[in-house]
Amino acid sequence: MDSEVSRIFALRDLLNAHNHKYYVLNQPEISDREFDELMRELTELEDRHPEVADPLSPARRVGSDLTDGFRQVAHVYPMLSLGNTYSIEEVDDFLRRADNSLAGEKVTIVGEMKFDGTSISLIYENGRLVRAVTRGDGEKGDDVTENVKTIKSIPLILSGSGYPDMFEIRGEIVLPWKAFERLNKEREFNEEPLFANPRNAASGTLKLLNPAEVARRGLDAYFYYLLGENLPADNHYDNMMAARSWGFKVSDVMTRLDSIDEVDNFINHWDSARKSLPVATDGLVFKVNSLRQQLNLGFTAKSPRWAIAYKFAAERALTRLIFVSFEVGRMGIITPVANLEPVLLSGTIVKRASLHNEDIIRQLDIHEHDMVYVEKGGEIIPKITGVDVSVRQENEPPIKFVSHCPACGTPLVRIEGEASWVCPNKYGCQPQIAGRIEHFVGRRAMNIDGIGEETVGQLIDAGLIKNIADLYQLTVEQLVGLERFALKSAQRLVDGVAESRNVPFERVVFALSIPFVGETVAKKLARSVGDMDTLMAMDETRLAAIGDIGPRIAQSVVEYFDSPENRQIIERLREAGLQFAAENRESIGGSDALAGKTIVISGTFARHSRDEYKAMIELHGGKNAGSISKKTDYVLAGENMGPAKLEKATSLGVPVINEDEFLKMIEG
Ligand code: IVH
């Protein structure tokens with residue numbers, strides 16, 4: 001096969017995989033720039049080879065953010081994207097091309113920030129906000145008006161005068177750095193997955209179905225494009241200044257530039273000055289100011305010819321690798337970590353970066369004491385993206401992955417089909433023991449007050465605990481002898497441990513640290529199996545027969561209970577009085593009134609919160625589902641139920657009930 005054609009197929013697979021990592025898993029692995037470069041290569045090759053055209057190629061895909069649960073609305077003007085450039089030279093080329101096309105006319109350019117959030121289109125009629133729509137697939141987007149109304153910097157009713165009866169304004173919804181950091185801190189505390197960057201946080205927040213939560217998170221919005229008939233001025237800049245006078249937030253960065261030199265200076269200035277802005281930016285945008293000239297230049301299928309984006313290079317820093325440490329997690333997985341000479345990167349000092357696994361170390365061909373490039377990319381934990389080999393000292397050996405556990409010395413084993421090495425010494429390896437105890441006491445597991453990571457380490461060092469069952473034998477007398485423990489804190493810990501006896505069975509199952517048994521699987525197991533003895537006696541076939549439990553989980557559960565060490569711990573936890581059976585629903589006010597029924601909740605309610613209704617459904621034996629399908633038995637509808645949901649329920653013949661009707665169903 002022609003080598004260009006085989007490259008096309010390889011690029012399609014690669015870009016599809018990166019799209020999935022970015023949009024579905026929320027775990028981008030390459031920078032936007034690297035992605036754009038691959039996409040550019042694919043587009044060029046596809047242009048040269050129409051014989052292998054494919055309408056489903058990633059190059060034909062317009063990014064879509066459409067979500068179930070929102071009404072879709074067609075855009076009056078399609079929402080296009082911008083061409084990207086990565087160097088001053090490319091921007092200069094763009095300006096020269098525009099100059100040439102406009103044959104000798106004076107061209108003024110407007111320079112702006114490229115805000116890194118999620119785009120929004122707002123429609124105003126007679127000075128009032130009537131609709132807010134996301135970009136969606138460019139042709140139609142999601143109606144997120146209720147959520148947008150909670151953003152305080154967006155005017156719902158315009159001030160000033162001179163606005164057209166009807167117009168559209170576009171801008172970017174952003175989560176300012178401060179709000180982003182606060183939100184992630186809170187999520188860390190609640191053991192929820194963190195947002196990789198403010199852009200993901202902003203788009204995730206805008207798509208929440210609960211406007212009260214949206215309001216709480218502190219979104220903001222900057223506006224950069226006015227569309228419609230009878231606009232106040234014949235140029236972009238004056239229109240934006242008019243928009244500012246009507247109450248919109250238009251960035252002060254916006255500047256008119258009259259020559260290529262001025263554009264270049266603007267780039268050089270904002271390349272670094274942007275770091276002190278309160279919101280994330282990923283580049284600059286340059287637009288031809290005159291609307292008449294914009295009209296002359298027109299559009300390509302994807303983007304305007306009168307505007308271009310200049311993307312900032314991902315910030316990276318060069319620093320020296322001091323050494324690689326190999327760290328052991330609670331499941332025994334070994335993670336290599338680069339310990340670095342401290343270096344400033346995007347406002348924070350970086351001292352450590354993940355090297356992920358042995359394959360990555362080999363790909364980077366990293367040697368001891370190398371000078372390495374560190375990038376933040378899309379992730380929170382910085383990563384090493386390259387090595388400056390030109391300054392490598394002779395005789396520095398390549399970094400070798402350890403063959404034995406750095407904590408306990410046991411030979412490592414490689415999990416079949418995976419890139420990770422694991423320490424098999426589960427019960428004798430200190431970081432694994434500590435990790436499991438930390439997990440056990442965590443908020444989503446046994447939620448034991450008065451004990452955290454540091455205390456766990458201290459109790460292990462003092463020889464007071466070696467496993468989770470030992471926690472139930474701690475006494476106030478033992479603790480008060482330790483550093484940092486006063487009578488009050490010792491009592492608090494002992495009380496916390498005692499209270500954990502009431503934690504429901506499903507969380508006990510989660511707390512045990514059975515490999516592959518996360519919160520959802522634990523819940524499923526606890527509810528379908530009912531009690532610990534049954535769970536311990538089940539074989540792989542019976543376990544795998546439970547919905548959502550695959551063979552890998554089944555095998556892991558059986559292995560866990562096969563171990564004599566684990567059995568002994570389980571018996572001690574039983575003696576300590578932990579919940580070893582799922583709660584009998586009647587004893588806590590529940591019933592089987594909704595047994596076998598699947599119910600979807602939609603809208604907002606007057607008598608109870610959505611979470612309370614969800615709990616009630618489960619308490620009475622029903623199942624709460626997120627979206628309406630043929631399997632839905634009822635839709636429990638409150639105020640403002642989305643019209644799309646109502647339509648779907650009606651078309652599938654699913655009964656829609658209100659809260660009073662629901663409460664009657666579970667009464668008595
Ligand atoms: S103008 C037809 N100006 O970048 C041109 N876009 O790749 C419309 N963006 O979808 C866009 N800051 O979400 C424009 N100052 C700015 C911008 C900006 C951020 C985003 C926007 C758009 C994307 C284009």
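Just so you know, these numbers come straight off a predicted model, no measurement behind them. We count ligands from 1, going down the list as the structure has it; atoms in each ligand are counted the same way.
- Ser121 and Arg170 share no side-chain donor-acceptor pair at under 3.5 Å.
- Counting heavy atoms of neighbouring residues, nucleotides and ligands inside a 6.0 Å radius, atom CD of Glu647 does not exceed 12 of them.
- Remark: Tyr224 pairs with no residue by the ring-ring contact (aromatic ring centres under 6.0 Å, His included) rule, at least two apart or across chains.
- Judged purely by distance below 3.5 Å, without hydrogens or angles, the side chains of Ser290 and Asn235 never pair a donor atom with an acceptor atom.
- Between the side chains of His236 and Glu112, at least one donor-acceptor pair of N or O atoms lies under 3.5 Å.
- For ligand 1, the 4.0 Å heavy-atom shell contains residues Ser81, Leu82, Glu112, Met113, Lys114, Phe115, Ser119, Glu172, Tyr224, Tyr225, Val285, Lys287, Pro304.
- When only modelled atom types and interatomic distance are considered, Asn230 and Tyr163 share no side-chain donor-acceptor pair under 3.5 Å.
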